[in-house]
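From a predicted model like this one, the values you see are computed outputs, not experimental measurements. To find a chain, count down the sequence lines: A is the first, B the second, and so on, and within it residues start at 1.
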Amino acid sequence: MRPLREVAIAGAGLTRFDTYDGEKGRVFKEGYELGMEAILNALQDAGMEWKDVQAAFCGTVYQNTGSGHQAIDQIGMTGIPIVNVENACSSGASSFRLAYQSIATELYDVVLAFGYEKMPRGFIRSTAWPLWQRAMGFNVQPANYAKGAVRYMEETGATEEDFARVTVKNRKNGALNPFARFQTEVTMEEVLSSRMIAKPMRLLHCCPLADGGAAIILCSKEKLRSKGKVITVAASILNSGVYGSETGGTGSTYGGGSVRIHDDLVELSAKQAWEMSGYGPEDMGVVEAYDTMAPGELWDIEKLGFCKKGEAPKLLREGALNINGRLPVNTDGGLLSRGHPLGATAGAQIIEIYRQLRGEAGARQVPEDPKIGLAHSMGAGPNSSITILKR
Amino acid sequence: MMTSAAKKVPVKEGLWSVPSSPHEKPQLIGSRCLLCGEVFFPKKASGVCTHCQSRNLEEIKLSTRGKIYSFTVVMQRPPEYYKGPVPYAEGFVELPEGVRVETLFTDCNFDDLKVGMDVELVIEKLYEDEEGNEILAFKFRPLTSRKGE
């Protein structure tokens with residue numbers, strides 16, 4: 001393959017992740033308005049005009065047909081191609097990767113990757129199971145993580161306290177993030193006494209529902225207008241299912257089992273991300289790991305290669321994963337604080353890395369002046385997506 | 001209301017065998033790849049081995065006993081489709097063939113469930129539909145719960 005052109009982040013924008021249902025005094029916003037708001041914020045951040053954008057990719061899961069078109073219609077149709085991407089919780093990352101590819105291969109110079117979601121209430125609904133399995137109650141997301149957590153406890157000796165500690169850390173970080181759904185801290189006692197959802201997963205181990213939008217404008221370096229530090233894409237990886245991998249930490253093997261294949265989807269993504277970027281785990285100054293449920297953060301940083309299996313709880317206890325630790329993880333509060341508007345989540349993760357590398361993360365800025373960072377998102381399907389940014 | 005027309009209906013046809021005599025027990029029906037040896041549950045309707053892509057699959061009846069690989073107890077009613085009791089226990093049972101079967105657990109104290117516990121297959125009511133039909137599902141129960149029978 002011929003060498004790819006370097007791709008930079010021109011600018012990024014978020015909406016506050018919140019509940020926009022118009023009830024109990026809350027503001028009402030349509031999903032596409034959240035998408036539009038994120039795009040306008042990204043244009044302002046990039047110092048660009050809407051007419052500079054040559055193509056758009058939009059990630060959503062539960063929205064209507066033409067979700068990207070609806071958001072962009074609020075700003076103005078200019079004849080550019082708009083492609084809507086549904087890749088479950090990796091939808092935003094998949095949009096980002098398509099935008100990255102179209103600039104790296106010199107098809108376009110300025111491309112928008114965005115995503116938004118207005119979430120249905122209750123358990124996150126997944127229709128990715130056959131009807132009979134849904135009838136048997138197998139489609140409950142916290143239950144899937146619970147089964148993964150039981151295995152993780154069995155194999156590593158991790159405890160419910162370790163899982164609670166993830167929530168406490170991320171909620172502490174989220175309290176410093178004005179875009180997060182939850183901006184309040186919680187204690188160990190509050191987590192461990194919160195309502196049991198699917199044993200051993202309690203309410204405060206689960207990410208909250210939230211509505212929101214996230215937009216990133218990517219461009220070739222010569223098109224950059226922003227006066228901030230120049231951030232480029234060092235790796236953009238997407239892997240969908242791999243045979244023999246456990247699916248999203250559920251404890252279930254994707255495929256059969258009798259041939260004892262133990263490939264891992266996240267380990268595969270990490271391997272490809274290190275190869276593409278030329279970096280290794282030791283080079284990362286800030287990380288967004290996938291904490292849709294608290295224990296997920298622990299096994300995620302292990303599978304990404306930041307430590308050996310079973311060692312993440314120790315790193316967490318020692319404070320290594322704190323904002324001022326040696327491996328800051330989920331500095332914006334992660335999904336546990338930010339909330340999880342499916343189509344916007346992966347974009348928000350990438351934006352946090354971008355802000356940290358630019359030194360624009362405000363009260364939650366990593367003090368060590370990080371120069372390289374990684375964002376990892378998972379999704380039903382399954383999907384695993386890694387983005388590495390560098391300064 | 002229960003009527004004489006009420007029937008027993010499997011949650012899905014073809015998941016388990018229906019014994020022709022009272023001496024036989026129902027068994028889950030899976031597929032085995034004759035090329036790579038991989039075993040699947042449920043049976044691959046596509047006829048394709050998703051490990052090696054061969055079309056050489058045979059139907060097999062799976063062992064009725066296995067060990068709990070992982071489990072959870074769901075405390076909140078799922079948003080739709082599931083009409084059984086809540087809370088309910090579900091998880092994975094690993095069968096001697098190596099395949100992990102996602103299943104409901106029954107006939108047990110939820111607090112006693114453990115990884116590695118020996119369990120056996122039973123076919124039981126999942127729920128009763130509006131016409132009074134019993135919707136049946138496969139479940140596993142701890143072997144220890146049979147003591148005293």
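- Taking the side chain as every heavy atom from C-beta outward, B/Val115 and A/Glu155 never approach each other to under 4.5 Å.
- With values rounded to the nearest 0.5 angstrom, A/Phe138 atom CZ is found 8.0 Å from B/Phe92 atom CZ.
- Proximity of A/Lys147 to B/Glu90: side-chain heavy atoms (C-beta onward) are separated by under 4.5 Å at one or more points.
- With rounding to the nearest 0.5 Å, the separation of CD1 in B/Ile135 from CE in A/Met136 is 12.5 Å.
- Heavy atoms closer than 4.5 Å to chain A are found nowhere in B/Ser31, neither backbone nor side chain.
- By the neighbour-count criterion of 12 heavy atoms within 6.0 Å, atom CD of B/Glu13 is sparsely surrounded, having that number or fewer from other residues, nucleotides or ligands.
- Looking at B/Leu15, only its side chain comes within 4.5 Å of chain A, counting heavy atoms on both sides.
- In this pair, B/Phe41 and A/Trp132 present their aromatic rings perpendicular. The plane angle is above 60°, beyond the 30 to 60° band.
- The shortest non-hydrogen separation linking A/Ala135 to B/Leu126 is O-CD2, 3.5 Å.
- Across all non-hydrogen atoms, the minimal contact from B/Thr72 to A/Ala198 is OG1-C, 3.3 Å.
- Within a 6.0 Å radius of CZ in B/Arg55, no more than 12 heavy atoms belonging to other residues, nucleotides or ligands are found.
- Proximity to chain A involves both the backbone and the side chain of B/Phe71, based on heavy atoms less than 4.5 angstrom apart.
- In this structure the side chain of B/Met75 never reaches within 4.5 angstrom of the side chain of A/Leu203, judged on heavy atoms.
- Of the two parts of B/Leu104, the backbone and the side chain both hold a non-hydrogen atom closer than 4.5 Å to a non-hydrogen atom of chain A.
- Taking a 6.0 Å sphere around CZ of A/Arg171, one finds it holds more than 12 heavy atoms contributed by other residues, nucleotides or ligands.
- Both the backbone and the side chain of B/Phe138 come within less than 4.5 Å of a heavy atom in chain A.
- To the nearest 0.5 Å, atom OH of residue A/Tyr243 and atom SG of residue B/Cys52 are 9.0 Å apart.
- Nearest approach of A/Lys199 to B/Phe110, heavy atoms of both residues: NZ-O, 4.1 Å.
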